[in-house]
Chemist: 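Before I ask anything, let me first share the structure, which is written out below as structure tokens.
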Amino acid sequence: MIDRQLLRDEPERVRDALAARNMEGVDIDRVLDVYDEWRSLKAEGDDLRHERNEVSQKIGQLKQEGKDEEAQEAIDRSGELKTELQELEARADELEAELDDALMELPNLPHESVPVGADEADNEEVRRVGFDDLRELPDEVTPHYDLGEELDIIDEGRAAKTTGSGFYFLKGEGAMLEHALVQFMLDVHREQEYVDLFPPIPVKTTSMEGTGQLPKFAEDAYRIGGSETENYEDDDLWLCPTAEVPVTNMYRDEILLKDDLPLKHQAYTPNFRREAGEHGTETRGIVRVHQFNKVELVNFVEPEESYDRLEALVDEAAEVLDRLGLPYRVLSLCTGDLTFASAKTYDLEVWAPGTESDDAPEQGGRWLEVSSASNFEDFQARRAGLRYRPERHESAEYLHTLNASGTAVGRVMVALLEYYQNEDGTVDVPEPLRPYMGGREVIEGHEPVGEAAVGAGKKD
RNA sequence: GGUGGGAUGGCGGAGUGGCCUAACGCGCCUGCCUUGAAAGCAGGUUUCCUCACGGAAUCCUGGGUUCAAAUCCCAGUCCCACCGCCA
């Protein structure tokens with residue numbers, strides 16, 4: 001949530017920011033009108049209350065002095081004031097609720113260093129890493145979904161039976177690779193002084209609002225025990241769409257000490273997303289699925305440090321790709337492609353050579369977003385009540401929150417399966433991952449199970 | 001799931017209808033005093049409205065009773081204890 005004072009002081013800045021984000025249909029003037037009207041009602045109500053407090057106090061005195069008649073007059077007056085107050089405050093409450101609702105739906109203002117642009121085509125490439133010294137690839141790189149099936153380490157068909165489309169089983173070396181990547185990532189980030197968290201997976205509506213998933217993006221989330229489009233209560237539960245939600249909200253409504261900052265947490269969780277509106281895209285493979293695992297990095301910092309921290313955070317996330325030897329690039333997202341709560345975002349896109357796309361490096365393949373590092377400034381902190389006290393005697397201030405997916409596990413796996421693929425269809429395990437794979441150097445796959453494999457001629 | 005107890009400011013903790021503008025203690029900040037420090041003294045230490053003066057709100061949350069609620073009533077949340085059930 002942006003500071004409502006800012007909205008009043010610099011409405012033009014907010015208008016410009018919305019325009020840069022391609023946000024249409026937000027009536028800032030209407031919001032300002034509501035704000036003005038609320039403030040004048042609030043002032044009026046405060047005056048009425050003041051009078052009521054004075055009258056009330058007098059009643060006590062008069063009664064003690066035995067002046068019953070005068071006391072009764074005061075009681076009558078108090079009754080009138082009460083009626084007036086009720087009417088006025090009912091109206092004021094409506095206005096304040098309307099103001100809050102409107103503010104909750106306003107996105108964050110982009111930082112001045114964010115490139116202005118309409119959509120992802122205008123994102124700025126900041127740097128490209130690992131392309132100078134590429135590994136020798138097979139003539140034809142098999143896409144991960146075909147390879148995963150051939151090696152029998154990814155099984156989408158059977159997951160559709162147990163759960164539905166958009167889910168998958170990992171089997172044998174596939175499952176091992178998942179565990180290995182997770183443990184490897186956690187270790188890398190522990191070296192960077194992250195403290196591990198293992199959060200609860202269901203999260204309340206208020207938590208989803210705190211980080212900005214709600215109220216605007218209900219259709220993307222899985223709600224427990226109700227439809228996403230139905231009205232929901234503060235305590236209703238949703239399935240964690242990213243560990244950012246439980247981890248950031250962990251310190252909701254608390255005041256941290258200056259010494260607590262910077263606070264660096266990492267959390268490994270499953271993530272659930274409906275991917276509404278994405279049907280028909282990415283039907284094959286594990287690039288866009290309803291459940292994936294992710295190690296998330298969350299930082300709480302002092303406001304003046306947040307932009308330095310953002311740069312460092314990108315490096316911390318990229319460290320995983322560096323060590324795995326996967327080529328990638330770093331993008332600065334333009335204003336039109338920023339997410340709702342973010343003031344500035346860098347994306348890490350790993351190179352997946354298995355499938356072709358329009359937007360690809362000269363070597364072919366495609367870019368795959370594996371991490372998004374964002375500075376939310378005080379946008380989430382204001383929603384979630386995250387404050388710190390700069391000096392013991394000073395009043396508490398909103399701190400700044402940042403997060404980065406410490407690289408999505410599934411998508412890194414896609415890149416690994418394609419980039420480390422050998423001519424014979426096996427996959428090399430990159431050196432740093434081997435200790436986490438029981439020393440295994442190559443993924444060779446499994447004999448398929450079941451009669452269907454015999455029919456397809458893959459088994460005798 | 002059941003029964004009982006509890007939730008008060010930065011912290012500890014009093015307060016069972018009007019003097020609560022929340023005692024008392026601790027911490028922290030500013031000022032006075034001091035060569036400096038300690039002690040002592042004074043003020044301060046939440047949010048909102050107001051250019052300001054000032055005002056309002058705030059004792060877990062939401063309703064209610066009352067002229068008046070930290071205090072009484074109802075509902076909920078969380079914490080503690082014990083019982084039951086169960087990985």
Chemist: According to the Watson-Crick and G-U wobble definitions, with both distances under 3.5 Å, which nucleotide is paired to A52(B)?
Modeler: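 Across any shown strand, A52(B) pairs with none.
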Chemist: Considering Watson-Crick and G-U wobble pairs with both distances under 3.5 Å, what does U3(B) pair with?
Modeler: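 In the structure as shown, U3(B) has A81(B) as its Watson-Crick or wobble partner.
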Chemist: Do the side chain of Q266(A) and the main chain of L186(A) share a donor and acceptor less than 3.5 angstrom apart?
Modeler: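 Yes: the side chain of Q266(A) pairs with the backbone of L186(A).
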Chemist: Please name the nucleotide paired to A68(B) by Watson-Crick or G-U wobble geometry with both distances under 3.5 Å, or report none.
Modeler: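 For A68(B), the partner nucleotide comes out as none, under the 3.5 Å rule.
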Chemist: Measuring only the C1' atom in each nucleotide, how far is A22(B) from A38(B)? A whole number of Å is fine.
Modeler: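 Between the two C1' atoms, the distance is 31 Å.
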Chemist: Give the rounded distance in Å between these two atoms: CG of D100(A) and C1' of C48(B).
Modeler: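 So the two atoms are 12 Å apart, to the nearest Å.
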Chemist: Taking C24(B) as the reference, what is the distance to G31(B) when you measure between their C1' atoms (whole Å, please)?
Modeler: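 Straight-line distance between the two C1' atoms is 25 Å.
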Chemist: Would you say Y35(A) reaches C49(B)'s phosphate, i.e. side-chain N/O to OP1/OP2 under 4.0 Å?
Modeler: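 Answer yes for this pair, as a side-chain N or O of Y35(A) is under 4.0 Å from OP1 or OP2.
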Chemist: Go ahead and name the base partner of C86(B); Watson-Crick or wobble counts if both distances stay under 3.5 Å, otherwise write none.
Modeler: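 Answer to the pairing question: none, since C86(B) forms no Watson-Crick or G-U pair.
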Chemist: Can you tell me the Watson-Crick or wobble partner of U35(B), both distances under 3.5 angstrom?
Modeler: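 In the structure as shown, U35(B) has no Watson-Crick or wobble partner.
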Chemist: Taking the same atom, C1', in C53(B) and in G5(B), what whole-Å distance lies between them?
Modeler: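 Result for the C1' pair: 48 Å, nearest Å.
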Chemist: Output the single nucleotide from U50(B), U47(B), G55(B) whose closest atom is nearest the side chain of R8(A).
Modeler: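 Of all the options, the side chain of R8(A) is nearest to U50(B).
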Chemist: I'd like the C1' distance from C20(B) over to G9(B), given in whole Å.
Modeler: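 Pairwise C1' distance, G9(B) against C20(B), rounds to 13 Å.
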Chemist: Distance check: side-chain N/O of N53(A) vs OP1/OP2 of A56(B), anything under 4.0 Å?
Modeler: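 For N53(A), the contact criterion (side-chain N or O under 4.0 Å from OP1 or OP2 of A56(B)) is met.
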Chemist: Roughly how many Å is it from CG in L48(A) to C1' in G55(B), rounded to a whole number?
Modeler: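 It works out to 12 Å between those atoms.
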Chemist: For Y420(A) and L324(A), work out which heavy atoms get closest and say how close.
Modeler: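 Answer, listing the atom of Y420(A) first, then L324(A): OH-O, 2.5 Å.
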Chemist: Does A57(B) have OP1 or OP2 under 4.0 Å away from a side-chain N or O of R49(A)?
Modeler: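 Yes.
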Chemist: Would you mind pulling out the nucleotide paired to A14(B), Watson-Crick or G-U wobble, both distances under 3.5 Å?
Modeler: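 Across any shown strand, A14(B) pairs with none.
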Chemist: Report yes or no: is the cationic atom of R274(A) (NZ for Lys, CZ for Arg) closer than 6.0 Å to the six-membered ring centre of F272(A), at no more than 45° off its axis?
Modeler: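 That pair does not qualify as a cation-pi contact.
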Chemist: Give me the distance, rounded to whole Å, that separates A57(B) from U61(B) when you measure between the C1' atoms they each carry.
Modeler: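 After rounding to an integer number of Å, I get 16 Å for this pair.
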Chemist: Here's a test of your reading of the structure: between E54(A) and R387(A), which maps to the more 5' nucleotide of RNA chain B?
Modeler: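 It is R387(A) whose nearest nucleotide is closer to the 5' end.
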Chemist: Looking at D236(A) and R223(A), is any side-chain nitrogen of the basic one under 4.0 Å from a carboxylate oxygen of the acidic one?
Modeler: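 Yes, charged N to carboxylate O under 4.0 Å.
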Chemist: Given C48(B), A56(B), U46(B), which nucleotide is nearest the side-chain atoms of H50(A)?
Modeler: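 Output: A56(B).
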Chemist: What is the distance, rounded to the nearest whole Å, between atom CD of Q5(A) and atom C1' of U47(B)?
Modeler: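 Value for this atom pair: 14 Å.
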Chemist: Pick the P atom in G63(B) and in A68(B), then give their distance to the nearest Å.
Modeler: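 Here G63(B) and A68(B) have their P atoms 16 Å from each other.
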Chemist: Find the distance between CG (L147(A)) and CG (D152(A)) and round it off to the nearest 0.5 Å.
Modeler: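 The CG atom of D152(A) is 11.5 Å from CG of L147(A), to the nearest 0.5 Å.
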Chemist: Could you tell me the Watson-Crick or G-U partner of U45(B), where both distances fall under 3.5 Å? Say none if there is no partner.
Modeler: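 Per the H-bond distance test, G27(B).
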Chemist: Does the side chain of Q291(A) pick up a donor-acceptor pair with the side chain of Y168(A) at under 3.5 Å?
Modeler: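 Y168(A) and Q291(A) do not have a side-chain donor-acceptor pair below 3.5 Å.
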Chemist: Under a 3.5 Å threshold, yes or no: a donor from one side chain and an acceptor from the other, between D76(A) and Q72(A)?
Modeler: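 The criterion, which ignores hydrogens and geometry beyond distance, is satisfied for Q72(A) and D76(A).
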Chemist: Distance check, C1' atoms only: G27(B) and G10(B), in whole angstrom units.
Modeler: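 So the two C1' atoms sit 8 Å from each other.
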Chemist: I'd like a table of atom pairs between the protein and nucleotides 63-67 of chain B - only N or O on both sides, under 3.5 Å - with the distance next to each one.
Modeler:
{"from": "C67(B)", "atom 1": "O2'", "to": "S78(A)", "atom 2": "OG", "distance (Å)": "2.2"}

Chemist: Using the side-chain contact (heavy atoms from CB on, under 4.5 Å) rule, pick out the option among T205(A), V245(A), I224(A) that qualifies with W238(A).
Modeler: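 Of T205(A), V245(A), I224(A), side-chain contact (heavy atoms from CB on, under 4.5 Å) with W238(A) is met by T205(A) alone.
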Chemist: Under 3.5 Å, is there a donor on one side chain and an acceptor on the other for Y307(A) and H400(A)?
Modeler: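 H400(A) and Y307(A) do not have a side-chain donor-acceptor pair below 3.5 Å.
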Chemist: Write down the distance between OH (Y388(A)) and P (C28(B)), rounded to a whole number of angstrom.
Modeler: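 It is 21 Å, rounded to the nearest whole Å.
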Chemist: What integer distance in Å separates Q86(A):CD from A68(B):P?
Modeler: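 So the two atoms are 9 Å apart, to the nearest Å.
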Chemist: For C73(B) versus G17(B), give the span between their P atoms, rounded off to a whole number of Å.
Modeler: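 Looking at atom P only, C73(B) and G17(B) are 12 Å apart.
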